[in-house]
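This report refers to the structure that appears directly beneath it.
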Amino acid sequence: MIEAWTADEMRAAEKPLLDAGVPLMDRAARALARTVLGDIARRRPAAGMPRRRVAGSLGSDGLPGEGRVRPARRAGTRAPARGAAALLLVGAGNNGGDALFAGAHLAREGVRVTAVLVASEVHAAGLAALRAARAEVIERSELRVPAVVARAEAADAVVDGLTGAGSRGALRPPAGGIVRALADVRAAAEAAGTPWPWVVAVDVPSGIGVDDGAVPGPVLPADRTVAFGAYKPGLLLPPAAPLAGSVTVTDVGLGSLQGPQFAGTLRLEDDDVAAVLRAPGPRDHKYTRGVVGVVAGTEKFPGAGVLAAAGAVRAGAGLVRALGPVPVTSQILSRHPEAVTVGGRVQSWVLGPGIPSDGSDAGQDRRVYGALAAVTGVLDAEVTGGVVPAVIDAGAMAMLEHRLPEIAVLTPHAGELATLMSGLGHEVTRADVEAEPVRWARAAHRATGATVLLKGAVTVVVGSGATYAQADAPAWLATAGAGDVLAGILGTLLASRAADVLADHALTSRVAAAAVVVHGRAAALASGGGPVTASDVADAVPRVIARILGGDHA
Ligand SMILES: NC(=O)C1=CN([C@@H]2O[C@H](COP(=O)(O)OP(=O)(O)OC[C@H]3O[C@@H](n4cnc5c(N)ncnc54)[C@H](OP(=O)(O)O)[C@@H]3O)[C@@H](O)[C@H]2O)[C@H](O)CC1
Ligand SMILES: [K+]
């Protein structure tokens with residue numbers, strides 16, 4: 001489990017150590033310098049050997065290279081970082097201090113270091129250390145944006161030490177102008193397929209919402225973020241999270257302290273998902289494993305019903321009851337003969353995939369309303385067999401008539417959440433939701449009572465407890481029907497843990513986050529780096545569950 005600590009929680013954790021004289025900044029700077037040296041070394045051929053074209057690589061003229069040359073590391077060749085260039089972007093606070101001390105270490109390793117100070121006052125001891133290591137310093141008074149851009153483009157690495165945990169709001173000038181210019185040239189280079197220097201963010205990419213993942217202004221996307229002590233919520237939450245690149249958390253000694261009192265932002269890892277999944281035991285049968293009721297698909301969109309059922313079946317449902325018009329249920333049966341198409345008791349419902357919100361399929365709408373009446377408890381438990389958890393997707397989200405229990409999970413994408421919230425009286429667009437996904441997911445949770453699973457490159461799950469932020473899926477998963485499969489997977493996980501979820505409604509968000517991990521990992525496995533269909537994703541689910549449970553050693 002990855003736990004993110006807010007800026008305040010970090011400061012509270014650091015304070016006793018700093019008061020006791022623990023050299024946190026020195027540890028942070030050393031870890032940062034080691035990481036930058038390693039990244040530079042990996043990206044440069046061994047120094048001392050001429051760069052030669054190698055088979056399969058293209059020379060500057062775009063023609064195939066000569067025969068393969070493997071430059072041996074002859075004795076005496078210099079370390080790859082020696083002679084490399086690093087540009088430090090230095091802010092006024094301790095984040096800048098980390099960069100300055102790290103720059104001094106880099107300079108002593110032979111890296112040509114230039115520090116750009118965006119403030120007239122920066123960390124004095126850090127600056128002294130940098131000057132003592134004979135690095136170049138561009139003072140605040142000498143700042144010229146074009147010159148900084150030119151230095152950055154000529155560097156092997158750019159170290160972003162402008163702001164860290166102390167950042168508030170959009171980057172102010174001159175930092176904001178520098179970062180905007182660098183981000184623009186970096187984006188243009190990437191669009192042209194031109195490599196750009198390696199960007200390492202100190203603790204967080206400067207300018208993100210450290211505690212909420214907002215992107216209020218310009219941010220220089222990082223290839224790597226070296227976070228000190230713990231993740232910050234902004235490194236897990238969208239839209240900021242993808243700007244952090246690969247995150248390396250450096251233990252600077254905080255590990256000995258208790259975690260945050262209330263972990264606000266979490267990311268599940270395999271062990272946590274394994275704890276949610278329930279492998280059957282010798283006394284299990286299909287009813288104890290969980291029966292999933294699926295009301296999905298219409299004559300016009302039968303495929304969504306097939307895919308939702310596929311997700312449920314492949315995730316290990318004891319039994320799937322597929323309810324709907326014959327053109328839908330017959331297709332489900334033809335692909336999943338283990339499903340049944342008659343009603344009966346279920347431990348969870350999957351409602352809505354492929355069902356439009358325009359009332360065009362009265363039969364499916366009636367089934368959804370009936371199931372929702374059971375989920376909300378409006379109908380007497382003796383009649384319905386009791387309240388059960390539910391996945392409420394697509395058109396079913398337009399059929400909410402009562403406040404939902406937290407064991408109901410809404411699964412919108414940004415546009416659907418905007419529509420839902422607009423229907424509840426909030427003026428909000430898809431763009432608003434994409435700019436502040438957690439804010440609107442929390443608003444939807446408060447407005448409906450349901451757990452909200454907001455799908456995206458980083459999928460957030462919000463309930464009464466922690467917020468989960470999962471980023472397990474490859475971009476290839478953005479394909480038709482993927483959400484239908486996720487709904488089915490989630491329906492099965494909820495059915496398998498129905499008793500626990502009913503006993504502790506707050507568990508719902510963790511079960512939902514686990515389903516997102518299974519779904520994303522299945523897409524990654526099925527994709528293998530290329531295009532993937534929703535059906536492929538469903539087919540890969542058993543293998544992913546086996547790997548997560550540790551059973552699949554293939
Ligand atoms: N966690 C650890 O173990 C350690 C963390 N360290 C590093 O310390 C920073 C936090 O340092 P702090 O000094 O509290 O704050 P920052 O350096 O992040 O930023 C404060 C300065 O930045 C200015 N600022 C704030 N917001 C903006 C903005 N939007 N635009 C421009 N400038 C901004 C702020 O100016 P004010 O006028 O607002 O005060 C400050 O000058 C943490 O991230 C780690 O990198 C330590 O090294 C110890 C180990
Ligand atoms: K930073």
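Because the structure is a prediction, the values reported are computed rather than measured. Atoms within a ligand are numbered from 1 in the order they appear, just like the ligands themselves. Only heavy atoms go into these numbers, but all of them, side chains included; no hydrogens, no water, no symmetry mates.
Contact annotation for atom 40 (C) of ligand 1: protein absent (non-hydrogen atoms, distance under 4.0 Å).
Under 4.0 angstrom from ligand 1, there are no non-hydrogen atoms of Arg27. At a 4.0 Å heavy-atom cut-off, ligand 1 touches Asp98 through the side chain alone. Proximity of Ala165 to ligand 1, defined as any heavy-atom pair under 4.0 Å, is shared by backbone and side chain alike. Residue-level proximity to ligand 1 for Asp203 is carried by the side chain, the only part with a heavy atom below 4.0 angstrom. Counting heavy atoms under 4.0 Å from ligand 1, residue Ala170 touches it through the backbone alone.
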>> side-chain hydrogen bond (donor to acceptor under 3.5 Å, both in side chains), that's the test. Do Arg30 and Thr250 meet it? Break it down for me.
In response: CA-CA 10 Å; Arg30 287 176 185 280; Thr250 298; over 6 Å; no
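Checked by distance only, ligand 1 and Ala92 stay at 3.5 Å or farther apart across all their nitrogen or oxygen atoms. At least one N or O atom of Asn95 sits closer than 3.5 Å to an N or O atom of ligand 1.
Inclusion of Asp160 in the first shell of the K ion (ligand 2) is supported: an N, O or S atom falls under 3.4 Å. Residue Val204: an N/O/S atom is found under 3.4 Å from the K ion (ligand 2). Between the K ion (ligand 2) and Ser167 there is no N/O/S contact shorter than 3.4 Å. For a distance bound of 3.4 Å, the N, O or S atoms of Gly164 include none lying that close to the K ion (ligand 2).
Summarising the local packing, CD of Glu121 is surrounded by 12 or fewer heavy atoms from other residues, nucleotides or ligands at distances under 6.0 Å.
A salt bridge is defined here as a Lys NZ or Arg NE, NH1 or NH2 lying under 4.0 Å from an Asp or Glu carboxylate O, and Arg180 with Asp184 fails to meet this definition.
Residue Gly166 holds the heavy atom nearest to atom 19 (O) of ligand 1 of all those in Ala227, Gly166, Gly169.
Looking at atom 3 (O) of ligand 1, its nearest protein heavy atom turns out to be Val252 CG2, 3.1 Å.
Annotation: angle subtended at the K ion (ligand 2) by Val202 O and Thr163 O is 110°, to 10°.
Here the rule is side chain to side chain contact (heavy atoms under 4.5 Å, CB included) with Thr411, and of Thr459, Val516, Leu490 only Leu490 fits it.
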